[in-house]
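So you know, we letter chains A, B, ... as the sequences are listed, proteins then strands, and number each from 1.
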Amino acid sequence: MYWVFKTEPAECSILDIQAAGPKGVVWEGVRNYQARNFLRDQVKIGDQVLIHHSSCAQVGIAGVGVILAEAYPDPSQFQPRSLYYDAKSTPEKAPWVAVQVGFVEQFSKVLSMTELRQIYGLADMQLLKKGNRLSIIPATKAEFDLVLCVAKAYSES
DNA sequence: GCCAACGTTGGC
DNA sequence: GCCAACGTTGGC
């Protein structure tokens, strides 16, 4: 499948994923049940992920990642010092999961939402829908390919 | 910092 | 299990 993962670049940017090397980064801190369900049940090894930078100066899709490891208990839920600590989590009953995300490519330019909205074929993309707050969003192959195509067009211009 | 759109909580 | 109040997300 194809996905859009939202991240705050101050936390984990496309460059951080690149810097992490072949092991990739731990995609942790998802604390929304709908997003958790996607992560736990449907995100599979080899799935490709559009990395979307949010809450920052340059909001938009910054590059591509790939799933290197499927859902396992999110370590941050057990760490009292972590922002993502969940006092109710126990090793027996751990509701939150993490995956491992590896680097594929960084776009030559962050694709903003206004730019993407202008692309014929992306009109129905969930990421672009008003009020969308999910941090793990499924995308279609057509949408994924189109976004890559737009990124490529920019890199050649 | 505004505010729309959700998600979560808790009294009943 | 309803629903109002409150909290959070996130683009702008």
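Look at A/Arg133 and you won't find any side-chain N or O under 4.0 angstrom from OP1 or OP2 of C/dG7.
Between A/Leu128 atom CG and B/dA5 atom P the separation is 16 Å, expressed in whole Å. Between A/Ile137 atom CD1 and C/dG11 atom C1' the separation is 13 Å, expressed in whole Å. Regarding A/Glu11, its CD atom lies at a distance of 15 Å from the C1' atom of C/dT9, rounded to whole Å. Atom pair A/Lys6:NZ and B/dC6:P shows a separation of 11 Å (rounding to whole Å applied). What separates CD of A/Gln126 from C1' of B/dA5 is a distance of 14 Å, to the nearest Å. When rounded to the nearest whole Å, the span between NZ of A/Lys129 and P of B/dA5 equals 14 Å.
The side chain to side chain donor-acceptor pair (under 3.5 Å) test applied to A/Asp145 returns A/Lys141, not counting sequence neighbours. A/Phe38 is linked by a ring-ring contact (aromatic ring centres under 6.0 Å, His included) to A/Trp3, counting only residues two or more places apart in sequence or in another chain. Residues passing the side chain to side chain contact (heavy atoms under 4.5 Å, CB included) test with A/Leu68 are A/Val66, A/Gln100, sequence neighbours excluded. Scored by the side chain to side chain donor-acceptor pair (under 3.5 Å) test, A/Arg40 finds A/Asn37 as partners (sequence neighbours excluded).
Remark: side-chain polar atoms of A/Glu156 are not paired, donor with acceptor, to backbone N or O of A/Ala153 under 3.5 angstrom. With hydrogens and angles ignored, the 3.5 Å screen pairs no side-chain donor or acceptor of A/His52 with any backbone N or O of A/Ser135. Panel note: side chain A/Gln77, backbone A/Ser89; no donor-acceptor pair is recorded below 3.5 Å.
Heavy atoms of A/His53 sit nowhere under 4.0 angstrom from any nucleic acid atom.
Nearest heavy-atom pair, A/Ser54 versus A/Pro9, reported as atom, atom and distance to 0.1 Å: O-CD, 3.3 Å.
In the region residues 31-42 of chain A, proximity to DNA chain C at under 4.0 angstrom, judged on heavy atoms, holds for none of the residues. For the segment residues 54-62 of chain A, residues with any heavy atom less than 4.0 angstrom from an atom of DNA chain C are, sorted by number, A/Ser54, A/Ser55, A/Val59.
Here B/dA4 is the nucleotide among B/dA4, C/dC12, C/dT8 with the atom lying nearest to any side-chain atom of A/Lys130. Comparing atom distances between the A/Met113 side chain and each of C/dG10, C/dG11, B/dA4 picks out C/dG11 as nearest.
No option in A/Leu127, A/Ile61, A/Leu134 other than A/Leu127 meets the side-chain contact (heavy atoms from CB on, under 4.5 Å) test with A/Lys6.
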